[in-house]
Amino acid sequence: VTERYDDAIAKGAVVETKPAEGEEIKRGGAVELVVSLGVETFVVPDNLVGLSRDEAAAAIEATGLTVGPDDRVSDDKIPAGQVMKVSHQGGEAIPHYTPVVLTVSDGPAPVTIPQVVNSTREDATTVLKGLGLKVKVKKDFSETVAEGRVVAQSIEPSAQAKRTDTITITVSKGRPLVEVPDVRGMD
């Protein structure tokens, strides 16, 4: 009696005989039985969450399992390419034909930068923070833009950025101050 894994035949059942069914055998001859071990399983590795996608895939494939298509998810805190979740728990024995699906971070989600020039500082900050951006404010004089309004932005409108990126807005301090000359005693 020999044993082998078989995806279709239940564990303990006969998979095949030698000689095969219907073949003749000499009286007193031996019949070899091949008995099913059932579906071959492999154990999902532990501690895949937190690894890079490539490290996790290598660990899975080293066990004999396959990696299914990734689930990609944007996340502001988990770096791009890092495994966030695994479809099966570490230590779980699963059939060899069952793929292990990794949920992998794409990092912060992309955002399209809006036009905030000429907006008030407050409005611009609210809009940009609402997109998940960090806002840095600097102030400068402007001949053309009223005090308290945005003169410039560090990332051009319609450009792509990622949530958590920093955008700098320059807010007008109004017209530049000029020094009044001393005109006392002049005609």
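Throughout, numbering of the chain's residues begins at 1 and tracks the sequence. Both backbone and side-chain heavy atoms feed into the values below; hydrogens, waters and symmetry mates do not. What you see is a predicted model; the values in this text were computed from it and never measured.
- Nearest heavy-atom pair across V116 and V150 is O-CB, 3.4 Å.
- At least one donor-acceptor pair under 3.5 Å links the side chain of R149 to the backbone N or O of N118.
- Judged as a side-chain contact (heavy atoms from CB on, under 4.5 Å), and not counting sequence neighbours, the contacts of V101 are D71, S87.
- In this structure, OG1 in T125 is found 9.0 Å from CG in D123, a value given to the nearest 0.5 Å.
- With side-chain heavy atoms closer than 4.5 Å counting as contact, directly or through intermediates, the hydrophobic cluster containing I94 also holds F42, V44, L48, V49, L51, I60, L65, V67, V83, V86, V100, L102, V104.
- For residues 35-45, no residue pair satisfies the salt bridge (charged side-chain N to carboxylate O under 4.0 Å, His left out) rule, not counting sequence neighbours.
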Atom pairs and distances, side-chain donor-acceptor, residues 130-140, under 3.5 Å, sequence neighbours left out:
none

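- Atom-to-atom distance recorded for S172:OG and E147:CD is 6.5 Å, nearest 0.5 angstrom.
- Between G107 and S105, the closest heavy-atom pair is N-OG, 2.8 Å.
- The two residues P45 and A59 make their nearest non-hydrogen contact at CG-O, 3.5 Å.
- Here salt bridge (charged side-chain N to carboxylate O under 4.0 Å, His left out) pairs that include residues 106-116, with residues two or more places apart or in two chains, are R72-D106.
- Note that OG1 of T112 is 11.5 Å distant from CD1 of I155, once rounded to the nearest 0.5 Å.
- I9 belongs to a hydrophobic cluster whose remaining members, ordered by chain and number, are V15, V34; membership requires side-chain heavy atoms of ILVMFWY residues under 4.5 Å apart, directly or through intermediates.
- Through direct or relayed side-chain contacts under 4.5 Å between Ile, Leu, Val, Met, Phe, Trp and Tyr, V14 connects to V1, I25, V31, L33, V35.
- Between V117 and A152, the closest heavy-atom pair is CG2-CA, 4.0 Å.
- Take D182 and apply the side-chain hydrogen bond (donor to acceptor under 3.5 Å, both in side chains) test, not counting sequence neighbours, and it matches R184.
- In this structure, V39 and Y97 approach most closely via the heavy-atom pair CG1-CE2, 3.6 Å.
- Taken to the nearest 0.5 Å, the NZ atom of K77 stands 11.0 Å off from the CE atom of M84.
- Between A30 and P19, the closest heavy-atom pair is O-CD, 4.0 Å.
- Under the salt bridge (charged side-chain N to carboxylate O under 4.0 Å, His left out) criterion, the residue pairs touching residues 43-64 are R53-D70, with sequence neighbours excluded.
- Sorted by first and then second residue, the side chain to side chain donor-acceptor pair (under 3.5 Å) pairs involving residues 16-28 (not counting sequence neighbours) are R4-E16.
- Y5 forms part of a hydrophobic cluster together with L37, judged by ILVMFWY side-chain heavy-atom separations under 4.5 Å.
- A salt bridge (charged side-chain N to carboxylate O under 4.0 Å, His left out) check over residues 160-180, counting only residues at least two apart or in different chains, returns the pairs D76-R163, E143-R175.
- Side chain of T41 to main chain of P95: no donor-acceptor pair is present (N/O by atom type, distance under 3.5 Å, no hydrogens or angles).
- The residue from T170, L128, I113 that alone fulfils the side chain to side chain contact (heavy atoms under 4.5 Å, CB included) condition with Q153 is I113.
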